[in-house]
Amino acid sequence: QLVESGGGLVQAGGSLRLSCAASGRIFSISTMGWYRQAPGKQRELVATITRGSSTNYADSVKGRFTISSDNAKNTVYLQMNSLKPEDTAAYYCNVRTILKDYWGRGTQVTVSS
């Protein structure tokens with residue numbers, strides 16, 4: 001029900017834009033966001049955005065990443081600029097409703113030095 005796109009391989013300093021569209025019977029969305037998991041590490045928050053457009057970012061991505069959403073389309077975006085090798089990870093879309101959390105399957109982002 002969550003379809004992610006936009007991952008890939010990019011050189012350090014480059015940019016990528018991730019998209020995640022929620023489809024099907026997902027109601028009462030409160031927050032949409034992105035998490036990431038690097039090999040051997042725990043999944044961590046990257047950025048979230050509420051239906052009211054309040055945003056939250058991990059300190060490591062502040063000033064480089066921008067999260068946005070289109071509520072009418074139930075779609076969330078992550079614009080990633082000035083990418084660093086340490087940003088390499090699988091990126092997962094998350095949609096939070098009043099009843100449950102939904103997760104995407106993940107899209108790989110690889111940043112070469």
Side-chain angles (χ1 to χ4, degrees):
Q1 289 179 304
L2 299 185
V3 179
E4 299 148 328
S5 62
L9 173 65
V10 65
Q11 288 187 334
S15 298
L16 285 173
R17 188 185 192 219
L18 305 183
S19 299
C20 172
S23 62
R25 298 178 64 81
I26 299 179
F27 303 108
S28 300
I29 294 174
S30 61
T31 304
M32 303 181 78
W34 293 92
Y35 291 71
R36 67 187 181 187
Q37 188 169 16
K41 295 186 177 181
Q42 290 188 332
R43 190 172 297 188
E44 63 177 4
L45 178 146
V46 176
T48 60
I49 185 167
T50 69
R51 290 303 250 193
S53 298
S54 294
T55 58
N56 181 45
Y57 294 93
D59 287 343
S60 59
V61 306
K62 284 181 180 177
R64 299 188 298 122
F65 292 9
T66 302
I67 191 169
S68 60
S69 64
D70 184 334
N71 291 340
K73 296 181 179 180
N74 282 348
T75 299
V76 62
Y77 308 95
L78 186 68
Q79 178 66 43
M80 304 184 294
N81 298 327
S82 301
L83 282 160
K84 303 176 181 180
E86 50 263 45
D87 295 318
T88 295
Y91 283 69
Y92 296 90
C93 176
N94 170 263
V95 171
R96 179 161 295 174
T97 73
I98 59 174
L99 293 178
K100 64 180 288 187
D101 277 359
Y102 296 84
W103 290 93
R105 293 186 176 185
T107 184
Q108 180 67 34
V109 171
T110 302
V111 184
S112 63
S113 57

* Sort and list the pairs that fulfil ring-ring contact (aromatic ring centres under 6.0 Å, His included) and have at least one residue in residues 89-113, not counting sequence neighbours. => Tyr35-Trp103
Considering non-hydrogen atoms only, spot the tightest contact between [X] and [Y] and give its length.
X: Ala12; Y: Ser113; answer: CB-CA, 4.4 Å
X: Ile26; Y: Asn74; answer: O-ND2, 4.3 Å
X: Cys93; Y: Val76; answer: SG-CG1, 3.9 Å
X: Ile49; Y: Ser53; answer: CG1-CA, 3.8 Å
X: Ala89; Y: Gln108; answer: O-NE2, 3.4 Å

Looking at [atom1] of [X] and [atom2] of [Y], how far apart are the two atoms once the value is rounded to the nearest 0.5 Å?
X: Gln37; Y: Glu44; atom1: CD; atom2: CD; result: 9.5 Å
X: Leu78; Y: Cys20; atom1: CG; atom2: SG; result: 11.0 Å
X: Asn56; Y: Ile67; atom1: CG; atom2: CD1; result: 9.0 Å
X: Thr50; Y: Met32; atom1: OG1; atom2: CE; result: 11.5 Å
X: Arg17; Y: Asn81; atom1: CZ; atom2: CG; result: 11.0 Å
X: Asp101; Y: Thr97; atom1: CG; atom2: OG1; result: 7.0 Å

* If you link I, L, V, M, F, W and Y whenever their side-chain heavy atoms are under 4.5 Å apart, who else ends up in the same group as Ile98? -> Leu99
Got a donor-acceptor contact below 3.5 angstrom from the [X] side chain to the [Y] backbone?
X: Thr107; Y: Ser5; answer: no
X: Glu4; Y: Arg105; answer: yes
X: Thr88; Y: Val111; answer: yes

* Sub-4.5 Å side-chain heavy-atom contact between Leu18 and Val109 -> yes
* Test side-chain contact (heavy atoms from CB on, under 4.5 Å) on Ser19 and Lys73 and set out the steps. => CA-CA 11 Å; Ser19 299; Lys73 296 181 179 180; over 6 Å; no
* Structure fact -> Taken in chain and number order and not counting sequence neighbours, the residues that satisfy side-chain contact (heavy atoms from CB on, under 4.5 Å) with Asp59 are Lys62
* Residues that Arg64 engages under salt bridge (charged side-chain N to carboxylate O under 4.0 Å, His left out), provided they are two or more places apart -> Asp87
* Applying salt bridge (charged side-chain N to carboxylate O under 4.0 Å, His left out), name anything that partners Arg43, two or more places apart in sequence or on another chain. => none
* To do: Start with the C-alpha distance between Phe65 and Leu83, add both sets of side-chain angles, then the distance that settles side-chain contact (heavy atoms from CB on, under 4.5 Å), and finish with yes or no.
  => CA-CA 9 Å; Phe65 292 9; Leu83 282 160; 3.7 Å; yes
* Asked: Would Leu2 end up clustered with Tyr77 when hydrophobic side chains under 4.5 Å apart are linked, directly or stepwise?
  -> no
* Asked: Residues two or more places apart in sequence or in another chain: which of them pass ring pair (Phe, Tyr, Trp, His ring centres under 6.0 Å) with Tyr57?
  -> none
